[in-house]
S.K.: 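Submitted below is the structure of interest, expressed as structure tokens.
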Amino acid sequence: PPPPRVFLPSSPPPPLPSPLGTPPPPPSTGQFSESNPIVAHIRNDLGLIGMIAYKLIIVSIVMLIANIISIWKINTSRSLLHFGTLAVSGVVSYSILLMMSYQGWF
């Protein structure tokens, strides 16, 4: 019997649309596309200062929640902060890995 036929596309598939409805910029431009529509709105409207303020507000809210929890349950508060630190470290590490990969460092 003949070998099975493999069909390869003649051109790459079109890019997936971003949550904002516009296609992401091509990788060669050095720009990125934010997947969180709220953060993308803040970045597009308020720029870098808005992004910094947004991140500080989010971190402050988490710290406030941990402080309130620590009044009654110190171990729960400690666990919450440990988990948050690990989660944020993972996101930052992955972002650095993506940047290094994009820059061709490995």
S.K.: How would you list, by chain and number, every residue that makes a side chain to side chain contact (heavy atoms under 4.5 Å, CB included) with Ile52, sequence neighbours excluded?
M.R.: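 By the side chain to side chain contact (heavy atoms under 4.5 Å, CB included) rule, Ile52 matches Leu48, Leu56.
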S.K.: Please enumerate all residues that pass side chain to side chain contact (heavy atoms under 4.5 Å, CB included) together with Leu46, with sequence neighbours excluded.
M.R.: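 Side chain to side chain contact (heavy atoms under 4.5 Å, CB included) list for Leu46, sorted by chain: Ile42.
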S.K.: Could you identify which residues cluster with Met63, counting Ile, Leu, Val, Met, Phe, Trp and Tyr as linked when any side-chain heavy atoms lie under 4.5 Å apart, either directly or through a chain of such contacts?
M.R.: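 Val59, all in the cluster of Met63.
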S.K.: Under the rule for side chain to side chain contact (heavy atoms under 4.5 Å, CB included), what residues qualify as partners of Val39, not counting sequence neighbours?
M.R.: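 With neighbours one apart ignored, the set is Glu34, Asn36, Met51, Tyr54.
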S.K.: Can you list every side chain to side chain donor-acceptor pair (under 3.5 Å) pair that touches residues 62-72, not counting sequence neighbours?
M.R.: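 Those involving residues 62-72 do not exist here.
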S.K.: Using distance only, find each side-chain donor-acceptor pair of residues 88-100 under 3.5 Å and give its atom names and separation, not counting sequence neighbours.
M.R.:
{"residue": "Ser89", "atom": "OG", "partner": "Thr85", "partner atom": "O", "Å": "2.7"}
{"residue": "Ser93", "atom": "OG", "partner": "Ser89", "partner atom": "O", "Å": "2.8"}
{"residue": "Ser95", "atom": "OG", "partner": "Val91", "partner atom": "O", "Å": "3.0"}

S.K.: For Ile74, what are the other residues in its hydrophobic cluster, where any two members join if their side-chain heavy atoms are less than 4.5 angstrom apart?
M.R.: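 Same cluster as Ile74: nobody, lone residue.
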S.K.: With sequence neighbours left out, what residues match Ser79 under side chain to side chain contact (heavy atoms under 4.5 Å, CB included)?
M.R.: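 Scan of Ser79 (side chain to side chain contact (heavy atoms under 4.5 Å, CB included), adjacent residues dropped) gives none.
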S.K.: Could you list who else is in Ile49's hydrophobic cluster, with ILVMFWY side chains joined at under 4.5 Å, directly or through other members?
M.R.: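 Direct or chained contacts put Ile49 with none.
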S.K.: Got more than 12 heavy atoms from elsewhere within 6.0 Å of CD1, Ile71?
M.R.: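 Yes - once you tally the heavy atoms of other residues, nucleotides and ligands closer than 6.0 Å, there are more than 12.
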S.K.: Measure the OG-CG distance between Ser60 and Leu64 for me, rounded to the nearest 0.5 Å.
M.R.: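 With rounding to 0.5 Å, OG (Ser60) is 8.5 Å from CG (Leu64).
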S.K.: Roughly how far apart are Ile68 CD1 and Lys73 NZ, rounded to 0.5 Å?
M.R.: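 Between atom CD1 of Ile68 and atom NZ of Lys73 there are 14.5 Å.
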S.K.: What's in the same ILVMFWY side-chain cluster as Ile61, cut-off under 4.5 Å, chained through other members?
M.R.: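 Other cluster members: Ile57, Ile65, Ile69, Leu80.
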